[in-house]
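Letters go in sequence order (proteins before strands), and every chain restarts at 1.
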Amino acid sequence: MVKVFDCPKSLTDMPTHYCPGCTHGIIHRLIAEVIDELGIADKAVGVAPVGCAVLAYNYFVCDMQEAAHGRAPAVATGIKRVVPEGVVFTYQGDGDLASIGCAEIVHAAARGELITTVFVNNGIYGMTGGQMAPTTLPGDKTSTSPYGRDTKKQGFPIRVSEMLATLDGPAYIARVSVHNVANIVKAKRAIKKAFEYQIAGKGFTLVEVLSTCPTNWGLTPKESLEKVQRDMMPYFPLGDYKDIEAGEKK
Amino acid sequence: MNSLWHHRVSIITGSYGSGKTEVAINLSLAKRSFYGNEAIVSLIDVDIVNLYFRSRDKFEELAKRGIHVIAPAGDLRHADLPALPASISGSLHDTQQQVVLDVGGDPAGATVLGRYQADLPEGSYDMILVVNPYRPYTDNVDAMQRLISAIESKSRLRITALCNNSNLMGFTTPEDLLRGQDLLGELEVRTGLPTAFVSCVPAIAPAVSVMLPNVPVLQLGLYMLPPWATGNNYAGEV
Amino acid sequence: MKQRVLMKGNEAIAEAAIRAGCRFFFGYPITPQNELPEYMSRRLPEVGGTFVQAESEVSAINMVYGAAGAGARVMTSSSSPGISLKQEGISYMAGAQLPAVIVNIVRGGPGLGSIQPGQGDYFQSVKGGGHGDYRLVVLAPANLQEAVDLVTEAFDIADLYRNPVLILGDGLLGQMMEPVEFRQSTPRELPAKDWATTGLCNHNGQKNVINSLVLHAIDLEAHNIHLQEKYALIKVAEQKAELLHCDDAELVVVAYGSTARIVKTAIAQLRDQGHRVGLLRPISLWPFPEDAFAKVMPVAKDFLCVEMSAGQMVEDVKLVVNGARPVHFYGRMGGIVPTPNEIATQVLQIMGVK
Ligand SMILES: Cc1ncc(C[n+]2csc(CCOP(=O)(O)OP(=O)(O)O)c2C)c(N)n1
Ligand code: SF4
Ligand SMILES: [Mg+2]
């Protein structure tokens, strides 16, 4: 019998701690598959964030560092400068990357740092109990926007991919989603391209992945996937925002 | 005139830490004593890269000795803000005044001079490069030559002469100045710039005059001393 | 040319770091330490090293975290306000046991304060400016030759114990010029960095993780006990102090860094007048040189602590002296540097009282 489904070699066999139906796990798997396919496990160094993915260092079969909240791009910069032949990636949530670590990601991108960032946008602070994130949609209720995000008082969501695509340092910036199989396939292609561009020395790369948080959204996994498509995708359109091989914008 | 200067305006430039401020202060005092009590001698502190050990720190002391120090006013004296005073141009144009400009180190410190280029037509000033070969990045003739072009391009002015300020502070011997002069001699040949003077503390000045009979000596009373120093002694030991 | 070079404190520290094998520097401009990153930006490329001007001190220290975690000898420098921002990263580095050298060229505080020298960051340096139970080794040079020598020492101590080391200077030390010699030190035997995250291919496929997160209380306590045991070793092995004229000193002045040099001038004057005054100069502020105090206690009748602060190290002096002798204090603040005469007057007052 031919095995058609197997765990990627770059994922440990430790069961992840993610809530059932959370798409963090899928995104981990995609990264691990890409690492396997590119054969880079022995030179990859990952940087875990502070957020639900704080324990990511337990799940990947490669060297890992755990960064302070938001500082993963700075930590990755330090690693990459010391080990230029390594393949360095960060895995960061929206609170981590777009709020407390906004300066770090913008400047790593502007420097064209040869790292790959996987940016998991679930529009909420998952780890700390469902508070408002910089990417929380207008009107959405969270534990710190109990009346719904009021843009007059709480401002607007940040579209990270669009913002970073205005810089000259990035080589590849894309927004993908993992709410269905077709999109998962596309997401993996984007992550692979990002790693390939890093290896080829083309520049900074980032893949923003729209992700779910059934637990703090208070929705079933299925409803959560629907919310990604219905509510998030109109505000955060999918596509390539920068690809220096293909010219600007999709 | 005098063997130490040819023009009313002396611009003291050089690499970072070459001893420009001590040279500038002592040259001001030399001008003052040469022209007598009636003369107005202005020492203009345009050092915007350095923070400690600047001419402005000796404002009161120098005022007593008849030197008019022009530097940012009041609290700004202690700030790391450029805050250039407006009276600088006035002094540069006042033909009655003797002027010494204490410029910040390196091309970075000389950049500010570019702003006064219109006030300083060629032939109206001496621009002296203070050289201490015991400093990193000016320890060989190639490096000195690179420094000259870089300072000239940033300041948009021309260096007219050299000052041999070879020193290891309290540890300096006359031989150190002699060794420095060997390098400056080579630099003279390459650039055509003369050595205007050597500068050293009074204690070794007689010996230096004997060793370098053809170069005038500017004796340095030391002003930029650390707080533990006593008299004219750096207290080189700790 | 002589071996000696005339250098500014900030430059001398930078060059010493390069000679100690430091090839990575991450910093952010702040007065009065700017010459240090400037020198690094010029010099590191000449030796195949890397200089990055980070977007903030927060980023700079986290770049240091990453680089140290990847096994490099790495340095960052700043002055007081910037060091405050680095505290987060320093705590993480202490937790993850990462070796690196951090330089603080202290200025007047609190807040933006001034650009003049100060010693008001003593508490922050030795009592832990960041969160958690951790210690930094803190070395305080008083002259540039010592600064140069201590930089090499700092890198070795950092690597030996896997702990960040802080060089605590002040504006005066950073800005002053002095001739220095870069001499070969006797290298310590240092453990291999087989824990570094350089990629599995570089360490036989065994996975390395740099981390300060320990979820279980029991495990975190065990980790803390390990750290405390390490600090206890450092306390025994790494105390450094200078004793001057202490053999017969009835009054011992305690001062570190630039202040100690001014005290020396005062003591020279007082000795000329026949007063039995000595200096105890802590060089390692943590570990605090308790052994040196034990040496002077039999003769000393009084201690006078002099600082450019409202009195911070004096608390440690009191802890060591433990009520056995009176501990007096004299301090200036806000960037005012005490003069030798001021200090001599204090000494005479104390001696005259008895
Ligand atoms: C300096 C600091 N501030 C706050 C926190 C608490 N904290 C931990 S995770 C987090 C937000 C995580 O949200 P996100 O990055 O979106 O990740 P998610 O959990 O949603 O995947 C916060 C505020 C912290 N660990 N450190
Ligand atoms: S809290 Fe939300 S983001 Fe975190 S693991 Fe659970 S579902 Fe996923
Ligand atoms: Mg989130």
Quiz item: Under 6.0 Å from the NZ atom of C/K127, do we count more than 12 heavy atoms belonging to anything else shown?
Solution: yes

Quiz item: Quick one: ring pair (Phe, Tyr, Trp, His ring centres under 6.0 Å) partners of A/Y197, sequence neighbours excluded?
Solution: A/Y172

Self-check item: chain C contact via A/A44 - which portion, at a heavy-atom distance below 4.5 Å
Solution: backbone

Quiz item: Using a cut-off of under 4.5 Å for heavy-atom pairs, which of A/A108, A/A68, A/P73 has the most such pairs with chain C?
Solution: A/A68

Quiz item: Heavy-atom distance under 4.5 Å to chain C: side chain of A/V75, backbone, both or neither?
Solution: both

Quiz prompt | Neighbours of chain A found in residues 42-53 of chain C - heavy atoms under 4.5 Å | solution = C/T50, C/V52

Quiz item: Which residues, numbered in order, of residues 73-88 of chain C come under 4.5 angstrom of chain A by heavy-atom distance?
Solution: C/E88

Self-check item: Distance, nearest 0.5 Å, that separates CG of A/D42 from OG1 of C/T198
Solution: 10.5 Å

Quiz prompt | Shortest non-hydrogen contact between C/A196 and A/D63, atoms and distance | solution = O-OD2, 3.7 Å

Quiz prompt | C/N211 versus A/Y57, closest heavy-atom pair with distance | solution = ND2-OH, 2.9 Å

Exercise. Can you tell which part of A/L55 gets under 4.5 Å to a heavy atom of chain C, answering side chain, backbone, both or neither?
Key: side chain

Exercise. Using modelled atom types only, decide if a donor and an acceptor are shared between the side chain of C/K207 and the backbone of A/F60 within a distance under 3.5 Å.
Key: yes

Self-check item: Between C/C201, C/A70, C/S212, C/S91, the one whose heavy-atom pairs under 4.5 Å with chain A are most numerous
Solution: C/C201

Practice problem: Please report the shortest heavy-atom distance between C/E55 and A/A103, naming the atom on each side. | Solution: OE2-O, 3.6 Å

Quiz prompt | Gap between atom CE of C/M63 and atom CD of A/E113 - 0.5 Å precision | solution = 6.5 Å

Practice problem: Step by step, work out the side-chain contact (heavy atoms from CB on, under 4.5 Å) result for A/E104 and C/V58. | Solution: CA-CA 9 Å; A/E104 282 77 6; C/V58 177; 3.6 Å; yes

Practice problem: Answer yes or no: are there more than 12 heavy-atom neighbours, outside C/Q228 itself, under 6.0 Å from its atom CD? | Solution: yes

Self-check item: Shortest non-hydrogen separation from C/T197 to A/V45 and the atoms involved
Solution: O-CG2, 3.7 Å

Quiz item: Are any non-hydrogen side-chain atoms of A/V50 and C/L213 less than 4.5 angstrom apart?
Solution: no

Practice problem: Could you tell me which non-hydrogen atom of C/N62 sits nearest to which non-hydrogen atom of A/A74, and how far apart they are? | Solution: CB-CB, 3.7 Å

Quiz prompt | Under 4.5 Å from any heavy atom of chain A - which part of C/V209 | solution = both

Practice problem: Look only at the side chain of C/Y65 and the backbone of A/E66, and say whether a donor-acceptor pair between them is shorter than 3.5 Å. | Solution: yes

Self-check item: Straight-line distance of A/H17 NE2 to C/L215 CG, nearest 0.5 Å
Solution: 9.0 Å

Quiz item: Has A/D13 got more than 12 heavy atoms of other residues, nucleotides or ligands less than 6.0 Å from its CG?
Solution: no

Quiz item: Looking at A/K80, A/K43, A/R81, which makes the most heavy-atom pairs under 4.5 Å with chain C?
Solution: A/R81

Practice problem: Return the set of residues passing ring pair (Phe, Tyr, Trp, His ring centres under 6.0 Å) with A/Y91 (not counting sequence neighbours), or none when no residue passes. | Solution: A/H24, A/H28

Exercise. State, with a plain yes or no, whether a side-chain heavy atom of A/R71 is found less than 4.5 Å away from one of C/I61.
Key: no

